[in-house]
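Here is the naming used below: chain letters follow the sequence lines, and residue numbers restart at 1 for every chain.
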Number of protein chains: 2
Amino acid sequence: MRASEKAYAALRDDIVEWRLAPGTVLAEVEQSERLGVSRTPLREALGRLTAEGLTTPGGRGVVVTDISLEDIDELFELRETLEGKAAALAASRGDAATFEQLRGELVRAPEMINGNDPTRHEYYELVGRLDTAIDAAISNSYLAQAMRSLRVHLVRIRRLAADDAARLAAAAAEHAAIAEAIAAGNPRLAEAATIVHLHRSLSHVKATHASHHKEHHG
Amino acid sequence: MRASEKAYAALRDDIVEWRLAPGTVLAEVEQSERLGVSRTPLREALGRLTAEGLTTPGGRGVVVTDISLEDIDELFELRETLEGKAAALAASRGDAATFEQLRGELVRAPEMINGNDPTRHEYYELVGRLDTAIDAAISNSYLAQAMRSLRVHLVRIRRLAADDAARLAAAAAEHAAIAEAIAAGNPRLAEAATIVHLHRSLSHVKATHASHHKEHHG
DNA sequence: ATGAACATCAGTGTATACAAAGACTGCTGA
DNA sequence: TCAGCAGTCTTTGTATACACTGATGTTCAT
């Protein structure tokens, strides 16, 4: 594995998993020593992170960007636009059998969620497969790229919300509804189902974030 | 000016202005010598270009990405989604006086187009001001960023289309309609006006491209 | 003549040394 | 005591040397 790739993956992970808090300044020598690479590949990694919006060039060095509550609203506003359109396109252009299959798996998702894997790896992998299927179905590389660049930030936010079993089960049902609409070739329904799902996710995130805040400061 | 910035600006310009044709491989030593910078800042420039999608890592070195006719369709599909949403948000959140002012200027745009400046600098500057005003009005940095990253590719495409006076006058009228809808605070009308404008632009680009193709090969 | 193995080389990936810019500290003067 | 300034020192920006990889061509054996 290339050193720049290694540094990028490590830093990205540290930021997404909140091990590097927003506002942290990433000094080049400090990080290059910590990650065991030289400054050259480290700078390349920082450049990629900045391009993705996970870091931003601040006065001295790059700093980890903040995600405030307003940012989350903005993020979901864009996400609603992009994923709504993507779901509609997938319904128009996608292969019905593929999404019918995914719908079937999603309906049985509660079994995974209540299983004995605390990381819910199997569940998240299934949701990832739905994303991938939509990406492939829309056959629009620019839109797919735009959504990919958004997902980084979403993973970061997901880490803020407690992924309790109840919410996950509800989310699985919402995903199943999206898959069903796409399989049925109904663009407007697919878009609507996506928007409903995103709004519920947003409400959940904001509710959790508010309680976290209360817990820490109240 | 930093060397990396200089290299980035130069390469980006060369690609957007079609001086570097799609498929051209940008070898590091070759380009660094041509631009008078060392390999280190040049690599940073190539990284930024690749992040923006103007170049792509191909086997040996990075190559200038192609823009085919299908790509243009995909690009406008995403553009319709993003700019349609942006216009709607601007209508909801923007300041009416600002867009009323812009509408007035756009109505008088034909005078600029038929003026004696062959580059139509004044006209493009006015259209740019409309874009900027919309960016500011939506107050959504993620959406604004997504649109900015699209505009690079659009400039590249614009260079393909002949910007004849007739089309420019029509485009100005379409822009005026968008500004009017935003000033009136009518989101759905603003979105519709944007979609109409983009479709007409796309038709014009494709028509020009087709005739170019015919001219060269027929 | 053809195929395989090896050598050579072009070109990227990485490390490090050097240069420049900017911030912090301490001093001086009012 | 505080403002201004200079010096130093940290940190980024750039250049270059070195390492490694993959490709290409050549040679030798069959």
Side-chain angles (χ1 to χ4, degrees), chain A residues 1-16 18-66 141 145 148-149 152, chain B residues 1-16 18-66 141 145 148-149 152:
Chain A
M1 186 187 224
R2 288 189 314 230
S4 63
E5 196 74 17
K6 171 184 164 186
Y8 166 76
L11 283 172
R12 176 182 152 138
D13 239 49
D14 286 340
I15 294 173
V16 165
W18 295 83
R19 288 188 293 268
L20 285 172
T24 306
V25 301
L26 302 178
E28 296 181 359
V29 289
E30 172 193 349
Q31 294 300 317
S32 66
E33 284 173 3
R34 181 173 77 90
L35 300 175
V37 302
S38 85
R39 278 182 59 215
T40 307
L42 183 96
R43 281 173 67 97
E44 184 175 326
L46 291 179
R48 288 178 65 182
L49 292 171
T50 299
E52 289 177 354
L54 287 178
T55 57
T56 177
R60 160 152 86 253
V62 305
V63 305
V64 178
T65 54
D66 188 25
S141 59
Q145 173 58 30
R148 261 195 302 277
S149 71
V152 187
Chain B
M1 186 186 223
R2 289 191 315 231
S4 63
E5 195 74 17
K6 171 185 165 186
Y8 166 75
L11 282 173
R12 175 183 154 138
D13 239 51
D14 285 342
I15 295 173
V16 164
W18 295 84
R19 287 189 292 268
L20 286 173
T24 306
V25 300
L26 302 178
E28 296 182 359
V29 289
E30 171 192 350
Q31 294 300 318
S32 67
E33 285 174 2
R34 180 173 77 92
L35 300 174
V37 301
S38 85
R39 277 182 59 214
T40 306
L42 184 97
R43 280 173 68 97
E44 184 176 326
L46 291 179
R48 288 178 65 184
L49 292 170
T50 299
E52 290 177 353
L54 287 178
T55 57
T56 179
R60 162 153 84 252
V62 306
V63 304
V64 178
T65 53
D66 189 24
S141 58
Q145 174 57 30
R148 262 196 300 277
S149 72
V152 187

[N] [atom2] sits how many Å from [X] [atom1], rounded?
X: B:L42; N: D:dT16; atom1: CG; atom2: P; answer: 14 Å
X: B:R2; N: C:dA20; atom1: CZ; atom2: P; answer: 16 Å
X: A:K6; N: C:dG13; atom1: NZ; atom2: P; answer: 17 Å
X: B:L46; N: C:dT12; atom1: CG; atom2: P; answer: 9 Å
X: A:R43; N: C:dG13; atom1: CZ; atom2: P; answer: 17 Å

Q. Can A:E5 and A:R48 be counted as an ion pair, charged N to O under 4.0 angstrom?
A. yes
**Q.** Residue pairs passing the side-chain hydrogen bond (donor to acceptor under 3.5 Å, both in side chains) test where at least one lies in residues 23-32 of chain A, sequence neighbours excluded
**A.** A:E28-A:R39, A:E28-A:R43, A:Q31-A:R34
Q: Decide if atom CZ of B:R60 counts as having more than 12 heavy atoms of other residues, nucleotides or ligands within a radius under 6.0 Å.
A: no
Q) Distance-only, no hydrogens or angles: does the A:T65 side chain make a donor-acceptor pair with backbone N or O of A:G53 under 3.5 Å? A) yes
Q) Can you name the nearest heavy-atom pair linking A:A45 to A:L11, along with the distance? A) CB-CD1, 4.5 Å
Q. Any side-chain N or O of B:S4 less than 4.0 Å from the OP1 or OP2 oxygen of D:dG13?
A. no
Q.
Can you list, in residue-number order, the parts of residues 28-41 of chain B that come under 4.0 Å of DNA chain D, counting heavy atoms only?
A. B:V37, B:S38, B:R39, B:T40, B:P41
Q: Would you kindly compare A:A3 and A:R60 by the position of their nearest DNA chain C nucleotide and give the one closer to the 5′ end?
A: A:A3
Q.
How long is the straight-line distance from OH of A:Y8 back to CZ of A:R2, given to the nearest 0.5 Å?
A. 12.0 Å
